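Since the structure is predicted, the reported quantities are computational estimates derived from the model, not experimental observations. Both ligands and their constituent atoms are indexed starting at 1 by order of listing.
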Amino acid sequence: MPSASSTDPRVRDSALLRAARGESVPHVPVWFMRQAGRSLPEYRRVREGVPMLESCMRPELVVEITLQPVRRYGVDAAIFFSDIVLPLKAVGVDLDIKPGVGPVVADPVRTLEDVAAIPDLEPGHVPYVTESVRTLVAELGATPLIGFAGAPFTVASYLVEGGPSKEHARTKAMMYGAPDVWDALLRKIASISAAYLAVQVEAGASAVQLFDSWAGAVSPEDYRRFVMPYSSAVLDAAGALGVPRIHFGVGTGELLGLMAEAGADVVGVDWRVPLSDGIARGRGRAVQGNLDPSLVFAPTDVMLARATEVVEAGRAATGHVFNLGHGVLPSTDPDQLARLTDHVHGLQRRA
Ligand code: 1CP
């Protein structure tokens, strides 16, 4: 079934979707990873007293929070307000998102039995997602909604470690030491992430982003063997739904070629890699990125000059979606993001 928004010609013809397809654009499209729900005072107000996961399950909050940055900045896309661990919660995994910490899993996954106990995701697990996406697509009109999911490696890291981790040591211990458990776990997460993206696309999301935030922790060789097949499964499933797929990770300079090969239409580049190198490594795909998120704390003229350099570098790509190199930092001044959006929109159009 074609998604509601993919049939809306204004969304199909939006700068974001055109850039993702490598077509000419009226202006370089801009959105910011984690634009919803980080630095906005209007976000803090509506979230007051509501736990994070509960807010993801209340359509009136999801719709409001998703729309806030679109209203404020006039960005070229909305990103659905949710979290990469929400689908796990929805199927019954005992986890919470703790303020100031992140996702915490009560019983970390260690064995084949632990994996087998995680149910597959059905649309009936997440009716509030379907409802929120439908309402959003109607409200957004010509602005595309990006759906998202966590990639198997990154989600596995939370399930195996039991919470946020810098080294991902237990995760890698399973990857190297218990390949059968690893395979079962990553297949399970791939199936859940693919189903979660399908729910969003079928309700009207017109592009998707797969967040493999922590993939940069592995070598290219290990990525190819232990990570890529499962991310490919998710990206292939999303591709079959006919929407562009953005594939993003942090510290992935050495992995960009493989991340493109995994099935991306748009390769997300973090700020550590010059965008021109990201373009060269991205195997002809469009690219997204990659202003250092800390540049918002620099004087405005310095930030804008750097943004111009990113846009100039992006002209060599098949398509370029302007973004930060990772998520908006919580202490970011929203006025800086407004200036950044206007600045990129005002730069000369691509030929
Ligand atoms: O624009 C948006 O903010 C949209 C909603 C969104 C997205 C896209 C949230 C809400 N989370 C995410 C993705 C996400 N969640 C990623 C991938 C993106 C990235 O790399 O930043 C990751 C790794 C998570 C896991 C997560 N959830 C963390 C990171 C913990 C760690 O390991 O360092 C945290 C802090 C959360 C909680 C969370 N998710 C979202 C919000 C608004 C919050 C904070 C909630 C709160 O404390 O009240």
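For the 3.5 Å distance criterion, the side chains of Tyr230 and Trp182 fail to qualify, holding no donor opposite an acceptor. Of the N and O atoms on the side chains of Tyr196 and Ser82, at least one donor lies less than 3.5 Å from an acceptor on the other residue. If you check the side chains of His247 and Asp265, you find no donor sitting under 3.5 Å from an acceptor.
Atom numbering of ligand 1 starts at 1 in the shown order; those under 4.0 Å from a heavy atom of Ser213 are 17 (C), 18 (C), 19 (C), 20 (O), 23 (C). Each of the atoms 42 (C) of ligand 1 lies under 4.0 Å from some heavy atom of Tyr43. Every atom of ligand 1 with a heavy atom of Ile79 under 4.0 Å away is listed here by number and element: 1 (O).
Taking all atoms of both residues into account, the shortest heavy-atom contact from Ala15 to Asp76 is CB-OD1, 4.2 Å. The two residues Val137 and Ala205 have their closest heavy-atom pair at CG2-N, 4.3 Å.
For ligand 1, one of its N or O atoms has an N or O atom of Asp83 under 3.5 Å away. At a 3.5 angstrom cut-off on N or O pairs, Thr154 does not count as close to ligand 1.
Protein heavy atom closest to atom 2 (C) of ligand 1, with residue, atom name and distance, is Ala36 O, 2.8 Å. With hydrogens left out, the protein atom closest to atom 47 (O) of ligand 1 is Pro99 CA, 3.6 Å, a heavy atom. Scanning the protein for heavy atoms near atom 37 (C) of ligand 1, the closest one is Ile97 CG2, 3.4 Å. For atom 29 (C) of ligand 1, the closest heavy atom belonging to the protein is Tyr158 OH, 3.5 Å. The protein heavy atom nearest to atom 18 (C) of ligand 1 is Phe211 CD2, 3.3 Å. Among protein heavy atoms, atom 44 (C) of ligand 1 sits closest to Met52 SD, 4.4 Å. Here the heavy atom of the protein found nearest to atom 22 (C) of ligand 1 is Ile84 CD1, 3.5 Å. Protein heavy atom closest to atom 8 (C) of ligand 1, with residue, atom name and distance, is Phe148 CZ, 3.4 Å.
Of the charged side-chain nitrogens involved, at least one lies within less than 4.0 Å of a carboxylate oxygen, so that Arg58 and Glu54 count as a salt-bridged pair. A salt bridge links Glu261 with Arg224: the closest approach of a Lys/Arg side-chain nitrogen to an acidic carboxylate oxygen falls below 4.0 angstrom. Contact check on Glu312 versus Arg315 returns a salt bridge, with a Lys/Arg side-chain nitrogen under 4.0 Å from an Asp/Glu carboxylate oxygen. Under a 4.0 Å N-O distance rule, the pair Arg72/Glu42 qualifies as a salt bridge.
Both the backbone and the side chain of Arg34 come within 4.0 Å of ligand 1, counting heavy atoms alone. Contacts between Arg47 and ligand 1 below 4.0 angstrom, taking non-hydrogen atoms only, involve the side chain exclusively. The part of Pro103 lying near ligand 1 is the side chain, judged by heavy-atom distances below 4.0 Å.
Nearest-residue assignment for atom 10 (C) of ligand 1 (options Gly37, Ser82, Pro51, Gly102; heavy-atom criterion): Ser82.
The shortest side-chain heavy-atom distance between Asp292 and Leu324 does not fall under the 4.5 Å cut-off. Residues Thr252 and Asp212 fail the side-chain proximity criterion, which asks for heavy atoms closer than 4.5 Å.
Residue contacts with ligand 1 include His326, since one of its heavy atoms falls under 4.0 Å from the ligand. Contact analysis puts Gln35 in contact with ligand 1, with a non-hydrogen atom separation below 4.0 angstrom. At least one heavy atom of Trp214 sits less than 4.0 Å from an atom of ligand 1. Distances from ligand 1 to the non-hydrogen atoms of Phe32 include no value under 4.0 Å. Assignment of Met33 to the shell around ligand 1 is not supported, since no heavy atom sits closer than 4.0 Å. Between Gly327 and ligand 1 there is no heavy-atom distance shorter than 4.0 Å.
When ring centroids are compared, Phe148 and Phe211 come within the 6.0 Å threshold.
Enclosure of atom CZ in Arg170 is not indicated, since only 12 or fewer non-hydrogen atoms of other residues, nucleotides or ligands lie within 6.0 angstrom.
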Go through Thr171 and Glu161 one step at a time and tell me if the side chain to side chain donor-acceptor pair (under 3.5 Å) criterion holds.
-> CA-CA 6 Å; Thr171 310; Glu161 307 286 342; 2.6 Å; yes
